[in-house]
Amino acid sequence: MSDQRYWLLKSEPTAYSFTDLMAEPNQTAEWDGVRNYQARNFLRDEISKGDWVLFYHSNTNPPAVIGTAVVVRSGYPDNTAWDPNSDHPDPKSTPENPIWFMVDIKGKGALDYPVTLAQIKADPRLKDISLSRRPRISVHPITRMEWDIILEMGKEM
DNA sequence: GCCAACGTTGGC
DNA sequence: GCCAACGTTGGC
């Protein structure tokens with residue numbers, strides 16, 4: 001709790017959108033289905049309750065940060081991995097030896113305006129953002145400065 | 001829908 | 001443990 005951290009989580013809106021999150025009871029949902037080891041390590045080891053989250057829509061036009069959320073439960077085993085009826089079953093992961101982890105997040109609010117990937121890439125202050133440097137990971141740490149800049153951009157036309 | 005980037009798998 | 005083949009992500 002003492003070390004406030006900031007993250008960017010990607011989701012394909014056709015699979016799960018920010019609107020879906022805000023429609024959940026208490027605007028809270030499990031962030032499950034991550035099946036990438038680097039992202040898993042962040043979820044298991046680093047994301048903590050109370051951390052802030054930028055919710056990013058990927059594989060859509062345009063890709064953009066669309067809202068904010070807060071982590072309400074730190075990393076714990078992703079039980080959808082051993083549910084054969086889930087969208088992302090992985091029989092190698094078991095309750096005794098879980099491979100995959102998830103967190104719970106609570107949606108806070110949409111930005112006034114989405115901040116597009118093009119805007120992020122065009123801003124020299126954001127040239128080092130993990131989103132640009134490490135494509136295809138669904139969990140990115142961001143800095144407080146990057147958080148502030150993107151939220152500010154989300155209030156402007 | 002194309003395809004670049006990169007992670008994962010599996011033969012050897 | 002190397003690395004080619006294959007699969008996936010995700011911008012465009």
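Owing to the predicted nature of the structure, the values given are computational and were not obtained by experimental measurement. Here is the naming used below: chain letters follow the sequence lines, and residue numbers restart at 1 for every chain.
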Protein proximity profile, nucleotides 2-9 of chain C - base contact B, sugar-phosphate-only contact S, no contact -, cut-off 4.0 Å on heavy atoms: ------BB

Run the salt bridge (Lys or Arg N to Asp or Glu O under 4.0 Å) test against A/Glu46 and tell me which residues pass, sequence neighbours left out. A/Arg5

Quick check: on DNA chain B, is the nucleotide nearest A/Arg134 upstream (toward 5') of the one nearest A/Lys92, or the reverse? Name the residue that is more 5'. A/Arg134

Take the protein atom CD1 of A/Ile120 and the nucleotide atom P of C/dG11, then report the distance between them rounded to whole Å. 10 Å

Please identify each residue that fulfils side-chain contact (heavy atoms from CB on, under 4.5 Å) with A/Gln38, with sequence neighbours left out. A/Asn36, A/Arg134, A/Ile137

Salt bridge (Lys or Arg N to Asp or Glu O under 4.0 Å) against A/Asp112, all qualifying residues, sequence neighbours excluded: none

Under the rule for ring pair (Phe, Tyr, Trp, His ring centres under 6.0 Å), what residues qualify as partners of A/Tyr16, not counting sequence neighbours? none

Run the side-chain contact (heavy atoms from CB on, under 4.5 Å) test against A/Ile66 and tell me which residues pass, sequence neighbours left out. A/Phe18, A/Phe55, A/His57

